[in-house]
2 protein chains.
Amino acid sequence: MAIQKTLIPDELRYQLLKKLHANPDISQRELSRQVGLSLGKTNYCLKALIEAGWVKAGNFARSSNKLNYAYVLTPKGVSEKAAVTVRFLQNKQEQYRQLENEITLLKKEAAVQK
Amino acid sequence: MAIQKTLIPDELRYQLLKKLHANPDISQRELSRQVGLSLGKTNYCLKALIEAGWVKAGNFARSSNKLNYAYVLTPKGVSEKAAVTVRFLQNKQEQYRQLENEITLLKKEAAVQK
DNA sequence: CAATTGCGTTCATGTCGTGAACAGTTGCGG
DNA sequence: CCGCAACTGTTCACGACATGAACGCAATTG
């Protein structure tokens, strides 16, 4: 059986690409803080984004620092960011509709039990 | 350090109390199917509901069957069901508002990137 | 030239969901 | 009566996964 690498859900992908696009010169620790992930998971996701070809880890900070990479979105990464934003939006809108239904149902229940 | 028993979130509590109230004579397997839980977790949650005094496991099905309990809501269980329904509703409405905000933000982003 | 700081990376550890397996009970057909 | 199949609640070994302390390295500071 082929091993299925745990793939990053849209929500995470969206937030990471958004953060990185706005601020490529950011450490994994800082990124993990801003997105609310553990350091280990951030590292894992970042590698996945790089392997997917959406992000490139170049080192340009202060005179070619070996560490302290800059995580820049590739052209593919930019279009993926746009795509995932749209997908994410549609998802949210679907959730929105479902919530509407659930709320009206809940209101009825709450009224009955009062 | 005191061991913190994993407590059942409102959503689960709501769904379980609702199902049990509508149909007390239900097996754990059937309940797990309807609510979408694993058997093990269903068993765990049921015990928690019983320990909390919201549900009583009496055996009344076909001539005092030793197994095949009936899970009936206690008076406390009934009022908790009403309470959790209201809490759950408020929660959903809060989510609803947050989604509204997120969606408008996402729409802007999607428009910019187009 | 230490010492400190910050970096990316690793991985032992703990947490938690899962469902196959088990023992007990009932109902049914022979 | 007596298997036997079909159900029940309960358990627990297993796997999947998140976590963050620890490590080696580079750059900066004193």
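By convention in this document, chain letters (A, B, ...) are assigned in the order of the sequence lines, proteins followed by strands, and residues within each chain are numbered from 1.
Between B/Y71 and D/dG9, a side-chain N or O to OP1/OP2 separation shorter than 4.0 Å is present. Side-chain N/O atoms of B/K41 include none lying less than 4.0 angstrom from OP1 or OP2 on D/dC12. In this structure, A/N43 reaches the C/dT9 phosphate: one of its side-chain N or O atoms is under 4.0 Å from OP1 or OP2. Contact check, A/S27 against C/dC7: a side-chain N or O comes under 4.0 Å of OP1 or OP2.
There is a side-chain donor-acceptor pair under 3.5 Å between A/E30 and A/Q34.
With rounding to whole Å, A/R29 atom CZ is found 10 Å from D/dA21 atom P. A/L7 has its CG atom 14 Å from the C1' atom of D/dA16, to the nearest Å. Atom P of nucleotide D/dC25 and atom OH of A/Y69 are separated by 14 Å, given to the nearest angstrom. Distance B/L37 CG to D/dT10 C1': 16 Å, rounded to the nearest Å. One atom, CG of A/L39, and another, P of C/dC7, lie 10 Å apart when rounded to the nearest Å. A/I8 places its CD1 atom 14 Å from the C1' atom of D/dA18, with the value rounded to the nearest Å. Atom pair A/L46:CG and C/dT10:C1' shows a separation of 15 Å (rounding to whole Å applied). Regarding B/Y44, its OH atom lies at a distance of 9 Å from the P atom of C/dG17, rounded to whole Å.
With distances taken from any side-chain atom of A/S38 to the nucleotides D/dG9, D/dA18, C/dT10, the minimum falls on D/dA18. Residue A/Q28 places its side chain closer to C/dG8 than to any other of C/dG8, C/dG19, D/dA18.
Using a 30° and 60° split on the angle between ring planes, A/Y96 and B/Y96 fall in the parallel class, below 30°.
B/E94 has a carboxylate O that lies under 4.0 Å from a charged side-chain N of B/R97, or vice versa, which qualifies the two as a salt bridge.
Environment of NZ in B/K92: crowded, with over 12 heavy atoms of neighbouring residues, nucleotides or ligands closer than 6.0 Å.
Considering only heavy atoms from C-beta on, B/L17 comes within 4.5 Å of B/E80 through its side chain.
The residue among B/E30 and B/G40 whose nearest nucleotide of DNA chain D lies closer to the 5′ end is B/E30.
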